[in-house]
Amino acid sequence: MKRLTTLALKSLSFGLAALISFGASAAVQDDMSKDAIAKRIEPIGKVYVAGESAGNEAAASGPRSGEAVYGQYCTACHTSGVMGAPKINNAEDWEPRLAQGMETVLKHAINGFNAMPPKGTCSDCSDEEIQAAIDYMTAEI
Ligand code: HEC
């Protein structure tokens, strides 16, 4: 009876040892595979800004649309009106500004104006792309 128990225990512990070493080697293999390494070092989050892909695609094939530039850069301030930014298609906000003349408004957008950053943070935007974004922001006024 005692021998039988010992035998049972021995085979049980052998089984466990085999299981553990198998598990461990599988884990090591998994850890060292290229996929596993790539997965471990990949960025935790990917950020997609609204309109980003549209902007990038357009950049390869000509000027970005006003909508694409607005969606990627201007929306951060001009959708909610933070820091007094004139809100998109809000006539009350835009009329006094447009009254200065588009030339002045465009110049302010390109060079920056108080809390309005130069080119609205779109540093690689052409003047035309900034103008298109302004047109998009004021289209429904
Ligand atoms: C970081 C916030 C911010 C971003 C991003 C931003 N703006 Fe502005 N913008 C402002 C603020 C604030 C004002 C109001 C400035 C003032 O009148 O003192 C403003 C004003 C303007 C004006 C009016 C200028 C005038 O003469 O009255 C235009 C045009 C404009 N922004 C265009 C843009 C465009 C185009 C983009 C995107 C390419 C953009 N803005 C991105 C904050 C921003």
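As a basis for the values below, the full set of heavy atoms in this structure was taken, side chains included, without hydrogen atoms, waters or symmetry mates. This structure is a prediction, so every number in the text was calculated from the model and none was measured.
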Can you tell me how far the [atom1] atom of [X] sits from the [atom2] atom of [Y], to the nearest 0.5 Å?
{"X": "Asn111", "Y": "Leu106", "atom1": "CG", "atom2": "CG", "answer": "9.0 Å"}
{"X": "Met116", "Y": "Met83", "atom1": "CE", "atom2": "CE", "answer": "10.0 Å"}
{"X": "Cys122", "Y": "Ile110", "atom1": "SG", "atom2": "CD1", "answer": "11.5 Å"}
{"X": "Thr121", "Y": "Gln72", "atom1": "OG1", "atom2": "CD", "answer": "8.5 Å"}
{"X": "His78", "Y": "Tyr136", "atom1": "NE2", "atom2": "OH", "answer": "13.5 Å"}
{"X": "Glu95", "Y": "Asn90", "atom1": "CD", "atom2": "CG", "answer": "9.0 Å"}

Checklist entry - With a 2.5 Å cut-off on the SG atoms, do Cys74 and Cys77 make it? => result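 No, because the SG atoms of Cys74 and Cys77 are not under 2.5 Å apart, which misses the disulfide cut-off.
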So, for [X] and [Y], which heavy atoms are closest and what is the spacing to 0.1 Å?
{"X": "Ala133", "Y": "Val69", "answer": "CB-CG1, 3.8 Å"}
{"X": "Ala85", "Y": "Asp93", "answer": "O-OD2, 4.3 Å"}
{"X": "Ile88", "Y": "Thr79", "answer": "CG2-CA, 4.3 Å"}
{"X": "Trp94", "Y": "Lys87", "answer": "NE1-O, 2.8 Å"}
{"X": "Ala139", "Y": "Asn89", "answer": "N-OD1, 3.2 Å"}

Checklist entry - Does the pair Asp127 and Lys119 meet the rule for a side chain to side chain contact (heavy atoms under 4.5 Å, CB included), with working shown? => result CA-CA 8 Å; Asp127 294 357; Lys119 291 192 171 182; 4.1 Å; yes
Item to check | side chain to side chain contact (heavy atoms under 4.5 Å, CB included) between Arg64 and Tyr73, worked out | outcome: CA-CA 12 Å; Arg64 288 162 281 193; Tyr73 298 98; 4.0 Å; yes
Next on the checklist: Pair Val105, Met102 - check side chain to side chain contact (heavy atoms under 4.5 Å, CB included), show working.
Outcome noted: CA-CA 5 Å; Val105 170; Met102 187 51 90; 4.2 Å; yes
Checklist entry - Is there a path from Ile134 to Val82 through hydrophobic residues (I, L, V, M, F, W, Y) whose side chains come within less than 4.5 Å of each other? => result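 Ile134 does not cluster with Val82.
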Checklist entry - Does the side chain of Pro86 come within less than 4.5 Å of Arg97's, by heavy atoms? => result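 The answer is yes, as the side chains (C-beta and beyond) meet within the 4.5 Å cut-off.
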Checklist entry - Should the ring pair His108 and Phe113 be called parallel, tilted or perpendicular, given that the plane angle runs from 0 to 90° and is split at 30 and 60? => result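 Answer is parallel, since the angle falls under 30°.
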